[in-house]
Amino acid sequence: MILVVSSSSRERLALIALGESAGWVAAGADSLREARRILRRQEIRVLVTRHTLADGYADHLARELATADGGRPSRLIVLAGPGLPATEEARQVTLGADCVLRDPVRSEVLLAYLARHLRREETDRRPAARPAAPLGFAGGELRSDDRTLRLGKRVRTLTPREAGLAEALATRPGEVATYDTLYAEVLGRRFRGDTSNLRVLLGKLAASCAAIGADLRAWVEVIPKSGYRLHARRRP
């Protein structure tokens, strides 16, 4: 997957569309905070980020990639304004950027870099990541490493997509997980307005929860035209 990080929604959507036009799966993040969430859940092959974001700089993502455990090594492309000093450009390369592209970014050049990075076979594998700490979900305990949901002594193994949806909600307690985010993270494709696939998946997840005595509908709120919100406490 390609992750595009830009605080400009216009640029973010344009770059996602550019990647998809070449047949690649692409997702977007509008901030460092959102990008970090996606990096913790998804194996990102190429990360394309603006040098300056609303809540930080590309430096933070470079360090995040350098210290990440497990998975295929990611490639980093930094987009910068024409006024970026040469010393700062060099510093981005030192921090881990595979290239720095200055405005105006030419789509054919960016596509060439993406194609090269996505074709490249990586032979070195990083050490396996430690099992993640369990997450609170629907009154129970969700473990992402083995996709199990536990409530008391009852345990249910979720399907990969059920577990993906549960984790996407559990890592954002009290916040709205947007349809754009859920389709990219859970279904691996861009949201185009039809929520039926996600509704079906939510129904399957609710059935799995019910099998161990958890009432998912009492915890998850559907926000019209926006997405889903997992509440920290069971709703009345």
Side-chain angles (χ1 to χ4, degrees), residues 1-20 22 24-130 132-133 144 167-168 171-172 180-181 184-185 188:
M1 179 187 284
I2 301 168
L3 177 60
V4 177
V5 188
S6 173
S7 298
S8 164
S9 59
R10 182 177 180 180
E11 178 178 61
R12 190 169 63 253
L13 292 175
L15 293 179
I16 290 173
L18 181 66
E20 290 180 338
W24 301 312
V25 175
D30 62 2
S31 63
L32 282 174
R33 184 183 182 190
E34 185 66 17
R36 283 169 171 157
R37 285 175 172 167
I38 296 174
L39 287 171
R40 283 194 295 268
R41 297 194 65 256
Q42 296 283 334
E43 184 177 283
I44 301 301
R45 296 284 303 279
V46 182
L47 194 156
V48 180
T49 181
R50 264 288 151 193
H51 173 262
T52 304
L53 300 165
D55 58 346
Y57 298 91
D59 306 32
H60 301 90
L61 292 176
R63 296 189 184 101
E64 197 93 3
L65 293 180
T67 58
D69 290 327
R72 185 191 302 270
S74 299
R75 302 292 167 178
L76 178 63
I77 298 175
V78 175
L79 309 180
L84 187 75
T87 52
E88 177 59 20
E89 181 176 349
R91 194 174 76 86
Q92 291 299 314
V93 174
T94 300
L95 286 172
D98 292 275
C99 68
V100 177
L101 299 179
R102 292 174 179 268
D103 293 331
V105 176
R106 294 177 174 81
S107 59
E108 61 271 21
V109 175
L110 178 56
L111 282 174
Y113 274 111
L114 290 172
R116 187 179 74 178
H117 294 329
L118 290 168
R119 281 198 308 264
R120 185 175 296 169
E121 292 295 330
E122 301 293 344
T123 57
D124 58 316
R125 307 296 290 181
R126 299 179 183 175
R130 297 177 181 176
S144 57
E167 189 174 354
T171 53
R172 299 172 173 85
D180 285 334
T181 295
E185 291 188 11

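Quick note: residue numbers are just sequence positions, from 1. Here the structure is a predicted model, which means the values were calculated and not measured.
By the salt bridge (Lys or Arg N to Asp or Glu O under 4.0 Å) test, Asp59 is found to be paired with Arg91, residues two or more places apart in sequence or in another chain being considered. Ala22 meets the side chain to side chain contact (heavy atoms under 4.5 Å, CB included) test with Trp24, Leu111; sequence neighbours excluded. Partners of Ser31 according to the side chain to side chain contact (heavy atoms under 4.5 Å, CB included) rule, which considers only residues two or more places apart in sequence or in another chain, are Arg33, Glu34, Asp55. Shown here are the side-chain hydrogen bond (donor to acceptor under 3.5 Å, both in side chains) partners of Arg37, two or more places apart in sequence or in another chain: Glu175. Under the side chain to side chain contact (heavy atoms under 4.5 Å, CB included) criterion, Pro104 pairs with no residue at all, not counting sequence neighbours.
Summarising the geometry of Ala58 relative to Gln92, their closest heavy-atom pair is CB-OE1, 3.7 Å, with the distance given to 0.1 Å. Nearest heavy atoms, Leu53 versus Ser6: CD2-CA, 3.9 Å. Looking at every heavy atom in both residues, Ala35 comes nearest to Ala29 through N-CB, 3.7 Å. When all heavy atoms of Glu185 and Ala168 are compared, the closest pair comes out as OE1-CB, 3.9 Å. For Leu76 against Gly96, the heavy-atom pair with the smallest separation is CB-O, 4.0 Å. Considering all non-hydrogen atoms of both residues, Ala97 and Val78 come closest at CB-CG2, 3.8 Å.
A donor-acceptor distance shorter than 3.5 angstrom exists from the side chain of Ser7 to the backbone of Asp30, with no hydrogens or angles considered. Side chain of Asp103 to main chain of Pro82: no donor-acceptor pair is present (N/O by atom type, distance under 3.5 Å, no hydrogens or angles).
His60 has its side chain within reach of Arg36: a pair of non-hydrogen atoms, C-beta onward, lies under 4.5 Å apart. Between Ile77 and Leu114, the closest side-chain pair of non-hydrogen atoms falls below 4.5 Å. Contact annotation: the side chain of Leu39 approaches that of Leu61 to within less than 4.5 Å [non-hydrogen atoms, C-beta and beyond].
To the nearest 0.5 Å, atom CD1 of residue Ile38 and atom CG of residue Leu47 are 9.5 Å apart. Considering SG of Cys99 and CZ of Arg116, their distance stands at 7.0 Å, rounded to 0.5 Å. Summarising the geometry, atom OG belonging to Ser9 is positioned 10.5 Å from atom CG belonging to Asp180; distances are rounded to the nearest 0.5 Å.
The list of salt bridge (charged side-chain N to carboxylate O under 4.0 Å, His left out) pairs with a residue in residues 8-20, not counting sequence neighbours, reads Glu11-Arg50, Glu20-Arg190, Glu20-Arg192.
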Item to check | Steps toward side chain to side chain contact (heavy atoms under 4.5 Å, CB included) verdict (Leu15, Ile2) | outcome: CA-CA 10 Å; Leu15 293 179; Ile2 301 168; over 6 Å; no
